[in-house]
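Here is the naming used below: chain letters follow the sequence lines, and residue numbers restart at 1 for every chain.
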Protein chains: 2
Amino acid sequence: MLSQSSSQMPLAVNHISVDCVVLGFDGEKVRVLLIKRVGEENGQVFHDMKLPGGLIFTDENLDDAARRVLRELTGIKSINLLQFKAYGSKDRTKNAKDVHWLERAIQMKVDRIVTIAYIALVRINRGLTNSSGENEICWVPLDEVKTLAFDHNIILADAIDVVRRHAEADPSYLFNLLPQKFTILQLRTLYERVYGKPQDVRNFQKKVNQLDYVVALDEHEQGVAHRAARLYRFDRKLFKRVRR
Amino acid sequence: MLSQSSSQMPLAVNHISVDCVVLGFDGEKVRVLLIKRVGEENGQVFHDMKLPGGLIFTDENLDDAARRVLRELTGIKSINLLQFKAYGSKDRTKNAKDVHWLERAIQMKVDRIVTIAYIALVRINRGLTNSSGENEICWVPLDEVKTLAFDHNIILADAIDVVRRHAEADPSYLFNLLPQKFTILQLRTLYERVYGKPQDVRNFQKKVNQLDYVVALDEHEQGVAHRAARLYRFDRKLFKRVRR
DNA sequence: ATGGCTTGTTGTGAACATTACAATAAGTAT
DNA sequence: ATACTTATTGTAATGTTCACAACAAGCCAT
């Protein structure tokens, strides 16, 4: 793990945090869960947004910390938490605004914070209960995300990339974003959003039909002003049994 | 990044290190670069091995720290350093042996060390210069790796997995392990070792031949007691131009 | 120089997966 | 009844993957 370094540079004693990129899908767009931040700069109050995150406790594993943060801020008990990258660049806190906010928040002098970033895919319609009181949370469509705190824009962009690659390797991954009963249109739209290109309607349907772990239900959607689409569900047990 | 936590748990102030999984290929087996460690337990001297790694300095980026550690320990200036996971489990230092060694090495009380793990693929025949003096380094075939320090066996196993997946996504990745001039047999053996299954000779050759960034040379291998195989080289510029 | 040994090099057909493409069915609203 | 909207379905062409074996080239021993 480490060597008796020949150098006499000072060792860093850093804070470690976790940040979560929580993604949801509303049937039309992929949205990311952000937290409103209220800060102060030169006596001016400012509002912006950041990813949900927090410092880890002594005696707490990284994954547990991510789970706790998510639960505290949103009530989400996420099952598919994926650690994807550590961010430790010195200039991730180059913005004075961020440093002021941070030092007031944790009431400590901050040298640097290394953050471990996680991705969680959730069903967007689940109820969110913000047990930490103060912070307002909201689902923002990916294409409407403005400048975020710290390097959170970079983290978010990296996360999308990881989701894309992970979904390719694991065909079950994106189902975490869909409601339990969904139409093929919803599934197709999701794939189009994630991969950024249109999917052929017939070929897509054909492909889904030959996945035995996507099972057709005897139900159709309700309250639409046209022919109602059949509902499907994802069968995780069947998926694990088949594994391709 | 963080929230004013409602909890009153103590915040952790942790050490942060980087560990490098350096992989090479000798034409037959994939090898990992390990460092011999000499420690003491109950007055008994013990010898074992660990991944190259070290604590990060204040003011040092994670990637820079990994690069520095690698350079100090091996002389390698690795260009393809890939950060792949952070390890922060409390019980990664559950072995008393490790804790003793660690606290003597850095002359500090150690609560926990979060380590950021990197992968570097290098040409195994490059000269290694261990500028840190003391520690002996060696290339160990993957299937001969014994129990390592800390959780380094886990890190190594994870790394192999990441290499496999990364190689699928980026066909240029594994060429970092080959000498500049190589035979198709070497390339094929490498793929067989990484993916753990035999590759059909003809199909493999055919596939390589239709990659225009693997260019045939007018040279053949020397000093073999049979028909000499043609040499090839990987053309990175062509690869970047094509990108499939 | 010959024959034997070892490894290098090459092609074809079958099975399978991917792509492109448009007409009809089912339900709602007027 | 008609218009409107979205759902659902098949086929042919193309490209990719896979399985499989005979001949070529160079070295060595005699």
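- Side-chain contact between V215(A) and F234(A) is absent, with no heavy atoms from C-beta onward closer than 4.5 Å.
- To the nearest angstrom, C1' of dA7(D) lies 14 Å from CZ of F204(A).
- Between the C1' atom of dT7(C) and the CD atom of E221(B) lies a distance of 9 Å, rounded to the nearest Å.
- The heavy-atom pair separating P171(A) from F175(A) by the smallest distance is O-CE1, 3.4 Å.
- Under the ring-ring contact (aromatic ring centres under 6.0 Å, His included) criterion, the residue pairs touching residues 155-174 of chain A are H166(A)-Y173(A), with sequence neighbours excluded.
- The distance from atom CD of Q205(A) to atom P of dA22(C) is 18 Å, rounded to the nearest whole Å.
- Following rounding to the nearest Å, Q199(A) (CD) and dC21(C) (C1') show an atom-to-atom distance of 16 Å.
- Here the closest non-hydrogen pair linking L81(A) and A120(A) is CD1-CB, 3.7 Å.
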Annotated protein contacts, base or backbone, on nucleotides 17-26 of chain D with a non-hydrogen cut-off under 4.0 Å, one of B, S, - each: -BBBB--BBS

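- A heavy-atom distance below 4.0 Å to DNA chain D is reached by these residues of residues 178-195 of chain A, ordered by number: L185(A).
- Taking the six-membered ring where the residue is Trp, F239(B) and Y213(B) present perpendicular rings, their angle passing 60° and hence far from 30°.
- Counting all heavy atoms, side chain and backbone alike, L70(B) lies closest to C20(B) at CD1-CB, 3.8 Å.
- Atom CD of Q222(A) has 12 or fewer neighbouring heavy atoms from other residues, nucleotides or ligands inside a 6.0 Å radius.
- Using bins of under 30°, 30° to 60° and over 60° for the plane-to-plane angle, the ring pair Y191(A)/Y195(A) lands in the parallel bin.
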